[in-house]
Amino acid sequence: METLSHDIVIVGAGMAGLRAAIAAAQFDTKIDVAVISKVYPVRSHSVCAQGGTAALLREGDSHDLHSWDTVKGSDFLADQDVVEFFVKKAPEEIIALDHWGLPWSRTEDGTINQRPFGGHSFPRACFAADMTGFHEMHTLDGKAKTFDNIEFYDEWFVTSLLVQGQSVAGLTALELRTGEMAVIQAKAIIMATGGYARVYEFTTFSHTATGDGMAMAYRAGLPLKDMEFIQFHPTGMVPSGILITGGARGEGGYLVNADGERFMKRYAPEKMELAPRDIVSRAETTEIQEGRGLEGPYGSYIALDLRHIGKAKIDERLPLIRDVATKLSGVDPVEEPIPVRPAAHYSMGGIHGNMRTETPASGFFVAGECACLNVHGANRLGTNSTSDCLVFGAVAGEEAAKYARSHDFQEPSREKVAAEEKRVFDGILGSEGDETVPIIRDSLRHIMSQHVWVFRSGDGLSKALREAKKLKERFANIRIEDREKQFNTDLVGALQLDFTLDLCEVTIAGALARTESRGAHTRLDYSKRDDESWLKHTLAYCTKDGPRLEYVPVTITKWPPAARAY
Ligand SMILES: Cc1cc2nc3c(=O)[nH]c(=O)nc-3n(C[C@H](O)[C@H](O)[C@H](O)COP(=O)(O)OP(=O)(O)OC[C@H]3O[C@@H](n4cnc5c(N)ncnc54)[C@H](O)[C@@H]3O)c2cc1C
């Protein structure tokens with residue numbers, strides 16, 4: 001097997017991975033950086049971000065206000081020292097992207113424009129029409145490609161992380177073109193592999209969002225944190241689940257039930273449609289469950305009405321939304337409301353890391369949606385994720401560069417590499433069972449959608465855990481039709497499914513244990529937030545019998561937990 005080596009290896013070429021690569025390469029031009037991605041960088045999910053990126057740029061806003069909004073939005077589960085750091089760094093990132101050529105939408109005087117967004121009490125979402133992520137990704141990709149010390153491994157699939165003792169030695173990866181496995185040695189590794197919301201049936205996420213990096217870290221002995229908190233976005237377009245940005249409500253859109261009523265007045269009288277996502281998603285679900293949803297061929301839905309915004313503004317600010325709604329739902333929002341309902345959208349949990357993106361394994365850093373650095377707590381505010389990817393991508397790049405300068409390579413363990421080769425080629429590609437990937441994958445998605453959705457209960461979660469464990473057993477008996485090595489998308493699908501089986505088990509176990517309702521985790525049988533017992537982060541460790549849960553405290557600096565009303 002071929003062994004390659006780079007000082008720093010970044011897994012993931014989304015917003016966090018590309019930002020990390022630029023920071024590392026800039027920090028020391030002698031450091032050699034590799035960026036590995038299972039898809040071409042600009043096909044990473046980050047390119048789909050629409051509404052904007054939060055940062056303080058104007059008078060009237062303040063660090064404390066952005067921090068408070070984030071902490072309150074998180075239902076007090078965010079670590080406040082991390083939030084304060086994040087908020088202070090975010091504006092630098094907007095300016096850096098501006099200098100690198102990002103075409104931000106601007107005001108008449110030429111300054112970067114900002115729009116209102118759910119849960120933010122000041123218009124601080126910087127945007128490029130409704131294609132913010134697209135422009136951010138193309139800007140970062142262009143910038144990264146100007147460095148001689150960054151090498152890209154496009155269409156390589158990382159299968160495992162090699163942690164030895166308490167530090168990283170490298171990873172194993174398949175070159176998809178040939179199907180051959182290689183070992184890539186590194187002094188430092190940054191995991192930036194994104195979220196896993198594809199474990200649901202109705203989701204805004206790309207097919208690639210299968211949480212591979214989270215599962216690899218978990219299997220290598222690192223804890224996953226706060227995985228029970230999954231965000232449901234209020235405006236997934238029916239029937240595809242494709243996102244209608246919160247920016248549509250930021251520009252003034254209304255949510256309306258079958259009686260033509262703006263029902264948010266009963267749930268968040270002050271903020272209305274601009275309440276945080278957990279609150280709006282619960283409100284929509286309640287409206288539908290109580291019979292006030294509109295009925296269509298794909299089930300009940302809520303209407304997102306943009307007509308009063310007018311064609312000119314829709315075309316200027318929301319051109320992608322108009323195009324997508326017209327082509328994929330047959331509804332032109334200039335003339336008709338868009339059918340929407342809550343869709344799985346974001347994972348607040350991820351690999352346990354601190355403000356410097358360090359993890360319990362030295363030389364191993366994490367950034368972006370696969371990481372849980374405690375910024376978003378139990379519920380993320382819209383537009384805070386892309387800022388998070390930029391801020392902590394940059395931190396991870398610098399920290400990894402410092403680490404790589406003062407550490408040497410470790411020899412990857414031959415036994416571990418041999419075991420991984422056996423798992424992938426004999427255990428999965430060569431398996432002679434009779435189970436198939438699509439059947440297990442769809443069953444898993446169904447379980448998650450039935451029992452681990454906007455509203456949860458102890459009985460439902462217990463059932464989901466039993467069923468998920470059964471699916472894991474069935475996976476051992478898998479059969480893949482395509483037995484060739486080259487570009488084997490069946491094999492990739494099976495590897496991804498295997499990762500998601502672990503992640504769902506952790507998510508369900510954490511949700512079952514947490515007997516309270518906080519942020520996006522709503523238990524019908526424990527409907528109140530319980531700070532006495534549950535103001536703490538969940539850590540899940542991998543054991544042979546499933547996840548072992550431990551808890552660590554939340555850091556409070558200025559804002560003691562208070563009632564959360566909007
Ligand atoms: C439709 C949509 C709209 C959104 N809009 C906004 C918004 O307006 N504002 C906001 O702040 N947030 C938004 N978000 C959230 C935000 O876009 C994401 O959280 C963020 O972009 C994630 O970036 P990332 O770099 O962590 O991961 P991603 O962009 O998902 O990139 C993951 C990378 O990891 C690579 N990878 C994964 N597994 C492997 C593997 N096994 N081997 C090799 N490579 C691998 C992939 O190829 C990819 O390059 C939106 C999300 C969605 C889905």
Side-chain angles (χ1 to χ4, degrees), residues 9-21 35-55 90 115 117-118 125-128 130-134 136-137 140-141 152-161 171-176 184 190-198 203-216 231 233 235-237 241-247 250 277 320 324 343-348 350 366-371 376 380-390 392-393 396 492 495-496 498-499:
V9 171
I10 300 171
V11 189
M15 209 171 290
L18 289 178
R19 184 65 190 90
V35 180
I36 310 182
S37 174
K38 65 183 177 183
V39 293
Y40 279 97
V42 291
R43 302 200 63 190
S44 305
H45 186 73
S46 291
V47 89
C48 303
Q50 300 175 351
T53 298
R115 59 164 55 120
F117 233 87
C126 309
F127 61 98
D130 53 358
M131 294 164 67
T132 310
F134 175 90
E136 286 171 329
M137 282 295 288
L140 290 170
D141 188 53
F152 282 88
Y153 289 73
D154 295 336
E155 300 193 324
W156 281 62
F157 187 96
V158 177
T159 68
S160 77
L161 179 70
L171 45 80
T172 55
L174 295 172
E175 181 179 14
L176 294 177
I184 308 185
I190 302 172
M191 197 60 94
T193 44
Y196 70 111
R198 265 282 146 189
T203 170
T204 63
F205 256 91
S206 313
H207 289 269
T208 50
T210 48
D212 310 357
M214 295 179 187
M216 285 186 249
Q231 177 159 82
H233 194 293
T235 55
M237 189 169 65
I242 286 178
L243 182 75
I244 299 296
T245 173
R277 290 174 177 163
L320 176 72
V324 159
H345 180 65
Y346 182 82
S347 148
M348 270 70 76
V366 288
E369 196 173 332
C370 76
H376 312 296
R380 170 177 74 85
L381 293 189
T383 69
N384 264 356
S385 170
T386 44
S387 322
D388 166 345
C389 290
L390 295 167
F392 291 105
V492 168
L495 291 167
Q496 292 178 159
D498 190 20
F499 289 144

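Hydrogens, waters and symmetry mates are skipped; everything else that's a heavy atom, side chains included, is used. Both counts, for ligands and for their atoms, begin at 1 and track the order of listing.
- Compare E136, R380, M214 by their heavy atoms: the one nearest to atom 14 (N) of ligand 1 is in R380.
- By the 4.5 Å heavy-atom criterion applied to side chains, F134 and V47 are counted as neighbours.
- Expressed to the nearest 0.5 Å, how far CG of L176 lies from CG of D154 amounts to 10.5 Å.
- Here R43 has no heavy atoms under 4.0 Å from ligand 1, in either its backbone or its side chain.
- Listed by number with element, the atoms of ligand 1 under 4.0 angstrom from any heavy atom of T386 are 9 (N), 10 (C), 11 (O), 12 (N).
- The protein heavy atom nearest to atom 42 (N) of ligand 1 is V158 N, 2.9 Å.
- With a 4.0 Å heavy-atom cut-off, ligand 1 is reached by the backbone of N384 but not by any atom from C-beta on.
- Below 3.5 Å of separation, one finds no N or O of C389 facing any N or O of ligand 1.
- Looking from atom 21 (O) of ligand 1 to the surrounding protein, the closest heavy atom is S46 OG, 2.8 Å.
- Ranked by closest heavy atom to atom 19 (O) of ligand 1, the top entry among K38, E369, R19, R198 is E369.
- At a 4.0 Å heavy-atom cut-off, ligand 1 does not touch E155 at all.
- Only the backbone of A192 comes within 4.0 Å of ligand 1, judged by heavy-atom distances.
- The protein heavy-atom contact nearest to atom 31 (O) of ligand 1 is G14 CA, 3.5 Å.
- V39 counts as a contact of ligand 1, since one of its heavy atoms falls under 4.0 Å from the ligand.
- Using a 4.5 Å heavy-atom threshold, the side chains of I184 and V158 count as separate.
- Counting protein heavy atoms only, atom 17 (O) of ligand 1 is closest to A49 CB, 3.6 Å.
- Heavy atoms of G213 stay at 4.0 angstrom or farther from ligand 1.
- Side-chain contact between S347 and E369 is present, with at least one heavy-atom pair separated by less than 4.5 Å.
- Distances from atom 7 (C) of ligand 1 to the heavy atoms of G194, G52, C126 put G52 nearest.
- Each of the following atoms of ligand 1 lies closer than 4.0 Å to a heavy atom of M216: 41 (N).
- Contacts between W156 and ligand 1, counted as non-hydrogen atom pairs separated by less than 4.0 Å, involve the backbone only.
- Scanning the protein for heavy atoms near atom 46 (C) of ligand 1, the closest one is S37 OG, 3.8 Å.
- Heavy atoms of Q496 come nearer than 4.0 angstrom to ligand 1 in no pair at all.
- Side-chain N or O atoms of T132 include none that pairs as donor or acceptor with a backbone N or O of A49 at under 3.5 Å.
- Put simply, the side chain of S44 gets close to the backbone of A13: a donor and an acceptor are under 3.5 Å apart.
- Residue Y346 has no N or O atom closer than 3.5 Å to an N or O atom of ligand 1.
- Closest protein heavy atom to atom 2 (C) of ligand 1: H45 NE2, 3.4 Å.
- From the protein, the heavy atom lying nearest to atom 35 (C) of ligand 1 is G12 CA, 3.5 Å.
- The aromatic rings of F205 and H345 sit tilted, their planes meeting at an angle between 30° and 60°.
- Distances from atom 32 (C) of ligand 1 to the heavy atoms of V492, D212, T193 show the closest one on T193.
- Note on ligand 1: G195 sits outside its first shell, no heavy atom being nearer than 4.0 Å.
- No side-chain donor-acceptor contact under 3.5 Å links R19 to the backbone of G368.
- At a heavy-atom distance under 4.0 Å, atoms from both the backbone and the side chain of T204 approach ligand 1.
- Residue contacts with ligand 1, taken as heavy atom pairs separated by less than 4.0 Å, involve A16 via backbone and side-chain atoms alike.
- An N or O contact shorter than 3.5 Å links M15 to ligand 1 by distance.
- Taking 4.0 Å as the cut-off between side-chain N and carboxylate O, D388 and R380 do not count as a salt-bridged pair.
- Shortest contact from atom 3 (C) of ligand 1 to any protein heavy atom: L243 CD2, 3.2 Å.
- At a 4.0 Å cut-off, at least one heavy atom of T383 sits close enough to ligand 1 to count as contact.
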